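Following: one structure in C-alpha cells, then a few remarks.
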Number of protein chains: 2
Amino acid sequence: MSSRAGGKQTTTIYDVAEKAGVAPSTVSRAFSRPGRVNAETAERIRTIAAELGYRANPQARALSTTRTGMLAVVLADVTNPVFAEVVRGAGRACDHAGYTMLLAETEESAEKERAMVDRALGSVDAIVLSSSRMSDAAIRQVAKVEPLVVLNREVAGVPCVLVDFEPAMRRITEHLLELGHRQVTYVAGPEASWADGMRWRGLRAATEELGLRLRRVGPVAPTVAGGQTAVVDWDAHRTSAVVAYNDMVAIGVIRRLTTLGVRVPQDVSVVGFDNTPVGELVTPALTTVAAPLRALGETGASNALALARGARSRATEPVRLPTRLIARGSTAEARS
Amino acid sequence: MSSRAGGKQTTTIYDVAEKAGVAPSTVSRAFSRPGRVNAETAERIRTIAAELGYRANPQARALSTTRTGMLAVVLADVTNPVFAEVVRGAGRACDHAGYTMLLAETEESAEKERAMVDRALGSVDAIVLSSSRMSDAAIRQVAKVEPLVVLNREVAGVPCVLVDFEPAMRRITEHLLELGHRQVTYVAGPEASWADGMRWRGLRAATEELGLRLRRVGPVAPTVAGGQTAVVDWDAHRTSAVVAYNDMVAIGVIRRLTTLGVRVPQDVSVVGFDNTPVGELVTPALTTVAAPLRALGETGASNALALARGARSRATEPVRLPTRLIARGSTAEARS
DNA sequence: ATGAAAGCGCTAACAC
DNA sequence: GTGTTAGCGCTTTCAT
C-alpha cells in the first residue's frame, strides 16, 4: 500500500511483487502476457493481487504503451433519440472490447467540435464522429493523426459507415405508388446536412424511375416547428403525398395540415424518417423508415477500435447498413 | 519531434525546451504555473509550443499529478430522454471546467454498473451516478474511494442532488383539486425506483392534507405498455383523476382509456411526470411536471468536480432542485 | 526565476 | 520463465 499525492491509497505492482516474492516485471507480465509466465506463478500473483485489491493504473500503462483504452464518440446532440441510439451502440462495442467511452457533445458548433476532438486526441485510441459539422478537409486531417471513423457521412479516404439511403427512399416511393399516389413533395431538412442531401437524391432517383412527380420545399429546421412552416409551401402546389426529412418534420406537417382541415391520411399521406419512438405515439401513427441506429454506432465503434489495434483499413469502401419501411397510419390510398 | 511506440508523432516538453533554450521544467511551469516564470520567457515558450504543435500528454501529466481531468457519468439508459438531458447538463459542466466526460451505460444491471464504476475508478477524478441500481452500502463504498455525487437518490453520507418531489406532488394535487377532483389514483412505477417512492409519498402527503381520496395501483413498467396494463386496476375502483409515475405511463393510461371509450380529459384527467418531449405531441397533450433535468446533471457534475478539487463537502445536505407544473390538455374539470 | 534530478506506475528490451 | 534496467512525458522538490 503506497499512497499517492492525491491522498488516494493505491496498491502498485511493487506491493504485489514484494508479497509474491517475484520481480515487478513478472507481475506486469502476469496481467498483460499471461502466456509468458509460469501458470502457477501467475495464479499466485493474481490471488495476491486480488487480496491486496490491486488495480493497474491506466495512466501509467498508457504512458508506456501509448494505448489508453478509450474511444471518443463525438456528436451534436445526445438529446436527439437518433444519436442516443448511436451512443448506445457505440457503448456496447466499447464495453465488449474492454474499452471506455468518452462522450463529447458539440451542440451543433463546428468550433466546439474541433476543440473537443482536439482535447480528446491525446486521450483516446480512436474516434467516432457522428454528426460532424467539420469540413471534409478537417476530418481527413484528424484521421491522419488518429484512427477515425465517420458515421452517416461520406468523406473520401476516411472509413465511414452509413445508412443506405437509396433503397430506403426507393421503398418509400414504391409504398406511395402502391397506394396510388402520383405526386409527392419532399420537405427538406437542414441544408448542411449530408443526410438530407442523400435522402433528396435518393427520392429523386426513385420517383423519376417509377414515374412520380416530385417537388421539393424547404429547407426547414429538423423539428416539429420546421415541419409546420413547410406546409404553406406545400399548399402552393398540393400533392397527395409528403415525404419529410425526418419524423419530427413529418409530425409538424401533420399537425399543421390537421389545423388546416386537411385530413391525414385520408386527404394526404405523410412519411417520416428515423422511426423515432414518438412516431407510434402520435395520431395518426407515423409511416417511417427504421434505420439501424444502434448498429451504426456499434459497427462504427468497433471498426474504429479495429483500426486502433492496427487493422489498417485497406479499401475504404463505406459500410452501408440496411433500413426497413414501417407502414403505419399516416399513409393510405390516394383519393381518386 | 520525437516519435512514440504507436507510430504517432508527438512533440514533447523536451522538444519545446530545446528550441526555446530553457530547461524542460521551465516549459512545464510555463503551462501549469504561469505565475512562477518570467513573463517574456513564458510567452516565448508558448509561441514555440504553438509552432511545434505541442500538446501535453494527459497520461503523463496524470501519472505525476493523480488528476486525469475526466469525470465519469454512469446511468442506466441514454435512450431515455430524461437521462439524455442529464447527460447534456453534465457535459456542459465538464466542458466548462475543462474536463472530459466519460459515459457508462449500465442498461439497468447492477453488476454491469459495478463493473463500469470499477473500471472508471482509476481513470477519473470524480463520478456522477445517475440512476444507480447499486445498494446504498455499495455506493457509500465507492464514495470512500473517489469523489462521488448521486443524482435523484438520497444516500446518507453521500452528496446528492435531487428533484424536489414534494412540492411537485403538492402542485399536482392542488391543480386537481382546483379542477374539482376528489379522488385520484396513482399508477406506480418500478418498485426499486427511489423516485417512485418519493412521488408516492409526496402525493400521499399532499392528498391527505388537502382532503383528496388516494388509491394506488401497480407497480408497472415505466413504459407505455406499463401504463396500459394499469388501467384494468383503475377500472376496479374508478377515480376521476389519475397521476402516473411518468409521462410514458401516462400516455399508456390515456391510450387504454381511449380504447375503452373513456374520454380524456372529459371523463378522467391524467397527469404525467418529467415533461418529456413527446408529452406535447400526443393527443391530448399531457399535463405534467417539468423537472430541471439539465440542471440536475449540471450541478451534479460541477459538485463532483468541486469535490475532486478538494472541496470536502461539509454538510451533506442534499441539493434539491425545483420543478414546475405544466398544465396541458390531459386534465380538465371533473364532471359533476 | 530557472536548472538539475528524482520519481509517478507501468511496460519493454535485454540478459541470464 | 524470470530478473534487471531503462525509459514513457510530465511535475516537483531542491538547489542555485
Side-chain angles (χ1 to χ4, degrees), chain A residues 1-46 48-49 52-69 121-123 125, chain B residues 1-46 48-49 52-69 121-123 125:
Chain A
M1 286 289 194
S2 60
S3 72
R4 298 197 297 183
K8 287 191 214 168
Q9 296 303 307
T10 310
T11 305
T12 72
I13 220 178
Y14 299 105
D15 302 319
V16 177
E18 185 176 345
K19 186 153 180 185
V22 298
S25 60
T26 303
V27 176
S28 172
R29 279 192 276 258
F31 286 103
S32 40
R33 257 167 228 14
R36 299 198 200 282
V37 60
N38 183 316
E40 293 171 26
T41 317
E43 188 45 34
R44 185 159 43 91
I45 289 177
R46 260 191 292 273
I48 293 181
L52 262 40
Y54 167 74
R55 326 242 13 142
N57 178 322
Q59 283 74 42
R61 196 204 290 280
L63 188 54
S64 43
T65 59
T66 338
R67 335 198 76 237
T68 61
L121 269 182
S123 312
D125 296 341
Chain B
M1 284 291 193
S2 61
S3 73
R4 299 196 295 183
K8 288 190 213 168
Q9 295 303 307
T10 310
T11 305
T12 73
I13 221 178
Y14 299 106
D15 302 319
V16 178
E18 185 176 347
K19 185 151 181 185
V22 298
S25 57
T26 302
V27 175
S28 172
R29 279 191 276 257
F31 286 104
S32 40
R33 256 169 236 4
R36 298 196 200 283
V37 60
N38 183 314
E40 293 171 25
T41 317
E43 189 45 36
R44 185 159 43 93
I45 289 178
R46 259 190 293 274
I48 293 180
L52 263 40
Y54 167 74
R55 326 244 11 144
N57 177 323
Q59 283 74 43
R61 196 202 292 279
L63 187 54
S64 43
T65 59
T66 337
R67 336 198 74 238
T68 61
L121 269 183
S123 311
D125 295 341

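Letters A, B, ... are given to chains in the order of the sequence lines, protein chains preceding strands, and every chain is numbered from 1. Please read these numbers as outputs of a predicted model, since none were measured by experiment.
- Side-chain atoms of A/Arg36 do not come within 3.5 Å of backbone N or O of A/Arg29 as any donor-acceptor pair.
- Side-chain contact between B/Val27 and B/Ile48 is absent, with no heavy atoms from C-beta onward closer than 4.5 Å.
- If you measure from atom CD of A/Gln59 to atom P of C/dT11, you get 12 Å, rounded to the nearest angstrom.
- Between the C1' atom of D/dA15 and the CZ atom of B/Arg36 lies a distance of 16 Å, rounded to the nearest Å.
- When heavy atoms are screened at a 4.0 angstrom cut-off, A/Phe31 is found touching no nucleic acid atom at all.
- No side-chain heavy atom of A/Glu18 sits under 4.5 Å from any side-chain heavy atom of A/Pro24.
- You'll find the side chain of B/Asn38 stays beyond 4.5 Å of the side chain of B/Thr26, heavy atoms only.
- Comparing A/Ala60 and B/Ala42, the nucleotide of DNA chain C nearest to each residue sits closer to the 5' end for B/Ala42.
- One atom, CG of A/Asp15, and another, C1' of C/dC10, lie 13 Å apart when rounded to the nearest Å.
- Here the side chain of A/Thr68 pairs a donor or acceptor atom with the backbone of A/Ser123 at under 3.5 angstrom.
- Taking atom CD of A/Glu43 as the reference point, atom C1' of D/dG1 lies 17 Å away to the nearest angstrom.
- Considering only residues two or more places apart in sequence or on other chains, B/Arg67 meets the side chain to side chain donor-acceptor pair (under 3.5 Å) condition with none of them.
- Checking C/dC10, D/dG9, D/dT11 against the side-chain heavy atoms of B/Leu63 singles out D/dG9 as nearest.
- Contact check, A/Arg33 against D/dG1: no side-chain N or O comes under 4.0 Å of OP1 or OP2.
- Residue-level contact check: B/Val27 touches neither bases nor backbone, having no heavy atom under 4.0 Å from any strand.
- Side chain of A/Ile13, nearest nucleotide from C/dT2, D/dC10, C/dC10: C/dC10.
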Could you go over nucleotides 4-6 of chain C and give all protein N or O partners under 3.5 Å, atom names and distances?
| unit_1 | atom_1 | unit_2 | atom_2 | d |
| --- | --- | --- | --- | --- |
| C/dA4 | N6 | B/Ser25 | OG | 3.3 |

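- Checked against salt bridge (charged side-chain N to carboxylate O under 4.0 Å, His left out), B/Arg33 has no partners two or more places apart in sequence or in another chain.
- In this structure, of D/dG3, D/dT11, C/dG9, it is D/dT11 that holds the atom nearest to the side chain of B/Thr65.
- Distance A/Arg61 CZ to D/dG9 P: 18 Å, rounded to the nearest Å.
- The shortest distance between the side-chain N/O atoms of B/Thr26 and the OP1/OP2 oxygens of C/dG3 is below 4.0 Å.
- Here B/Thr41 reaches the OP1 or OP2 of C/dT2: one of its side-chain N or O atoms lies under 4.0 Å away.
- With C/dT2, D/dC10, C/dG3 as the choices, the nucleotide that has an atom nearest any side-chain atom of B/Asn38 turns out to be C/dT2.
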